[in-house]
Every structure is written in structure tokens, then in C-alpha cells.
Amino acid sequence: AGRRLGSSLPGLCRRLRLGFHRGSFLSTPVDVVKSRIQNSHARSTAWLMPSIVRIARDEGMAALYRGLVPKLLRLGFGGGLLLWVYDHAHRQLGDRRHGPPVV
């Protein structure tokens with residue numbers, strides 16, 4: 001009596017939400033700093049954390065999340081799906097030690 005792929009729909013939804021939020025909210029400040037360094041005409045050797053602190057101090061925390069909505073619309077679903085596929089494949093491949101995978 002193995003699990004079927006369709007029976008993991010609640011797990012899929014949970015993984016989609018988790019990947020959607022983690023991937024987007026954690027990487028957006030890094031993307032803001034990266035974009036500012038790339039668009040700067042001055043030669044900058046600014047590192048990530050000092051740049052994040054400076055932007056948050058000078059412009060507020062909201063400045064670190066500029067472009068979040070388009071990023072959520074573009075990448076959120078894909079990140080969640082990737083996390084779910086990885087988790088599902090990891091479980092299936094891990095079960096091979098105890099017999100054939102159940103689909």
C-alpha cells in the first residue's frame with residue numbers, strides 16, 4: 001500500500017508556499033544590492049552585509065524589497081515547485097533501499 005503522487009497534494013501546496021516565500025523574501029535584498037553594484041558607475045568594492053545595512057539605514061527596510069512583487073509573480077511558483085519536486089524525488093530515491101519506488 002504505497003503512496004500515490006495525487007495523494008500528496010497537501011504536501012505540494014505546503015511546499016509551493018514555502019518555496020514561494022523563502023526564495024523570494026530571502027533573496028530580494030541580495031538582488032537589490034547586486035543590482036545597485038552593477039548599475040553603479042563608480043568602482044565599488046562594497047560587500048553584501050555592509051551594503052544591506054547602509055540601504056536599510058539610509059532608505060529604510062522597504063528599499064531592500066524593491067521589485068518583490070514582480071519577482072513573486074515571476075519566480076515564486078517555480079521555486080515552490082522545484083522544492084516540492086526535489087523533496088518528492090529525495091523521498092522516492094531514499095525508499096529504493098527498501099524496495100522499488102511507489103508511484
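V53 and W47 are not part of a single hydrophobic cluster, where members link through side-chain heavy atoms under 4.5 Å apart.
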>> Walk me through whether R36 and I55 qualify under side chain to side chain contact (heavy atoms under 4.5 Å, CB included).
In response: CA-CA 10 Å; R36 290 191 182 198; I55 291 170; 3.7 Å; yes
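Here the closest non-hydrogen pair linking A63 and V32 is O-CG1, 3.8 Å.
Applying the side-chain hydrogen bond (donor to acceptor under 3.5 Å, both in side chains) criterion to R54, with sequence neighbours excluded, gives no partner residue. Residues satisfying the side chain to side chain contact (heavy atoms under 4.5 Å, CB included) test with A89, not counting sequence neighbours, are none. Partners of Y65 under the side chain to side chain contact (heavy atoms under 4.5 Å, CB included) rule, at least two apart in sequence or in another chain, are F25, T28, P29, L68.
Side-chain contact between D31 and K34 is present, with at least one heavy-atom pair separated by less than 4.5 Å.
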